[in-house]
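Not measured: the values here are computed from a predicted model. Computed over heavy atoms, backbone and side chain alike; hydrogens, waters and symmetry mates excluded. In the text below, chain A, chain B and the rest are named by the order of the sequence lines, each starting its count at 1.
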Amino acid sequence: MLELVAASLIGLGAVFFIAGTVGLLRFPDIFCRLHALTKADGLGLALVALGVALLSGSMGDAFRIGLIWFFVAVASATCSHLIARYARASGEAVSDD
Amino acid sequence: MSPTLPPELARPARAKPEFVSTQSLPATRPPVLSSWARLRRFAVTALVLALIWAVLTNGRLDAWIFGIPAVLAGAAIGLMLPDSARWRMSPQGAVVFAIWFAVQSVRGAVDVAGRAFAPKMPLRPGFRRYPLRFPPGAPRVMFVNTISLLPGTLSAEIAGEELIVHMLDTRADLASELSALEARIAALFVLHSLEGDRG
């Protein structure tokens, strides 16, 4: 049962990673692509982390996985802001209508 | 439960920052730390880093060969960072915010995934300005970073006292979404309006 729940979470996480990648490829400019990466991949990682933590069976491992998720989440929000700011400063092409 | 802005805050957008912490006024140019405060900050940072290291290495003793220098270096770097205005978080506020945050990041991810997969890709991207009402410090950082996980918004740049937000669909109602987020962060950090008490 636990394995089934964990596998579903990991599978769903993979779907969001694919969505993030599809967005990265299809979206028209760097700013829209950042949306796809920060949001879709962020949730993808959270779901995969949750599934793996359920399978790990030890509190220490679960805590470490949680810590990794937390640092990646904070870093990705900050990085996307920095990339967007740099793109604006360097006059990156914008799709705007 | 949906927090709403106190009446004195419900006014048209576009104004100067107006939230202040109950502990201290916004410090744009923070005072130089006393040696006692520096020692305290070094000790607190070192303790937190040591705890994280212990958890990461599963408490292995031999791992401290790398851990001790890394913890000391990290705490020393912490001293070089500019001091920020002090802040406090309400514990029940943190729980409420964490649950809300989880729901919003799912909404944001489902929204962007839907747009990525949709054959016609419903996008109407563009930039919008929003006046920042938090002074520099932890609440502002929290506000700016959380925006990037809300559906369709991404904080792109802080220009003076304004935040430039990139939106996937500029027809969405940015102001109401962001002022709701402001109210939530004000509750999380136990902030009051300028008209409120300054403790």
Side-chain angles (χ1 to χ4, degrees), chain A residues 12-13 15-47 50 58-64 66-68 70-71 73-89 92 94-97, chain B residues 48-49 51-60 98 101-128 140-159 163-171:
Chain A
L12 198 60
V15 171
F16 277 101
F17 269 109
I18 293 168
T21 310
V22 170
L24 181 68
L25 295 171
R26 290 188 72 203
F27 282 175
D29 67 14
I30 188 169
F31 302 101
C32 295
R33 289 177 182 148
L34 282 174
H35 282 269
L37 287 187
T38 48
K39 291 192 252 283
D41 285 10
L43 182 63
L45 176 73
L47 291 171
L50 204 60
S58 98
M59 281 304 277
D61 282 342
F63 195 85
R64 275 187 284 283
L67 211 57
I68 290 167
F70 175 77
F71 286 131
V74 172
S76 95
T78 310
C79 285
S80 78
H81 179 80
L82 291 178
I83 293 171
R85 191 174 70 172
Y86 179 81
R88 279 178 63 82
E92 180 72 34
V94 171
S95 157
D96 198 344
D97 60 18
Chain B
V48 171
L49 292 177
L51 271 174
I52 293 173
W53 182 263
V55 170
L56 282 178
T57 56
N58 223 352
R60 277 178 58 172
F101 178 81
V103 172
Q104 293 306 307
S105 34
V106 171
R107 262 186 67 206
V110 169
D111 171 75
V112 82
R115 289 175 201 272
F117 284 137
K120 293 186 107 176
M121 261 204 320
L123 296 178
R124 181 98 49 111
F127 293 98
R128 289 290 179 270
R140 178 182 281 194
V141 171
M142 192 79 169
F143 179 65
V144 169
N145 275 340
T146 309
I147 285 173
S148 295
L149 287 157
L150 292 183
T153 55
L154 183 97
S155 66
E157 190 180 348
I158 297 172
L163 181 68
I164 295 165
V165 181
H166 184 261
M167 299 180 70
L168 282 180
D169 187 341
T170 47
R171 288 165 300 183

Check whether B:Ala54 gets within reach of chain A through its side chain, its backbone, both or neither, counting any heavy atom under 4.5 Å.
neither
Under 4.5 Å from any heavy atom of chain A, what part of B:Ile164 do you find: side chain, backbone, both or neither?
side chain
How far apart are the closest heavy atoms of B:Ala116 and A:Ala19, and which atoms are they?
CB-O, 3.6 Å
Would you indicate whether A:Phe17, at its atom CZ, is surrounded by more than 12 heavy atoms from other residues, nucleotides or ligands within a distance under 6.0 Å?
yes
Tell me whether A:Arg85 at atom CZ has more than 12 heavy atoms from other residues, nucleotides or ligands lying less than 6.0 Å away.
no
A:Leu34, part contacting chain B, at a heavy-atom distance under 4.5 Å:
both
Per-residue contact mode, A:Arg26 against chain B (heavy atom under 4.5 angstrom):
both
Give a yes/no verdict on a cation-pi contact between B:Arg115 and A:Phe27, requiring under 6.0 Å between NZ or CZ and the six-membered ring centre and an angle within 45° of the axis.
no
How are the rings of B:His166 and A:His35 set to each other: parallel, tilted or perpendicular (split at 30° and 60°)?
tilted
Against chain A, work out which of [options] has the most heavy-atom pairs shorter than 4.5 Å and name it.
options                                : result
B:Gly108, B:Ser105, B:Ser155, B:Gly114 : B:Ser155
B:Val141, B:Asn145, B:Thr146           : B:Asn145
B:Ala113, B:Gly152, B:Ala159           : B:Gly152

Considering only heavy atoms from C-beta outward, does the side chain of B:Val112 approach that of B:Leu168 to under 4.5 Å?
yes
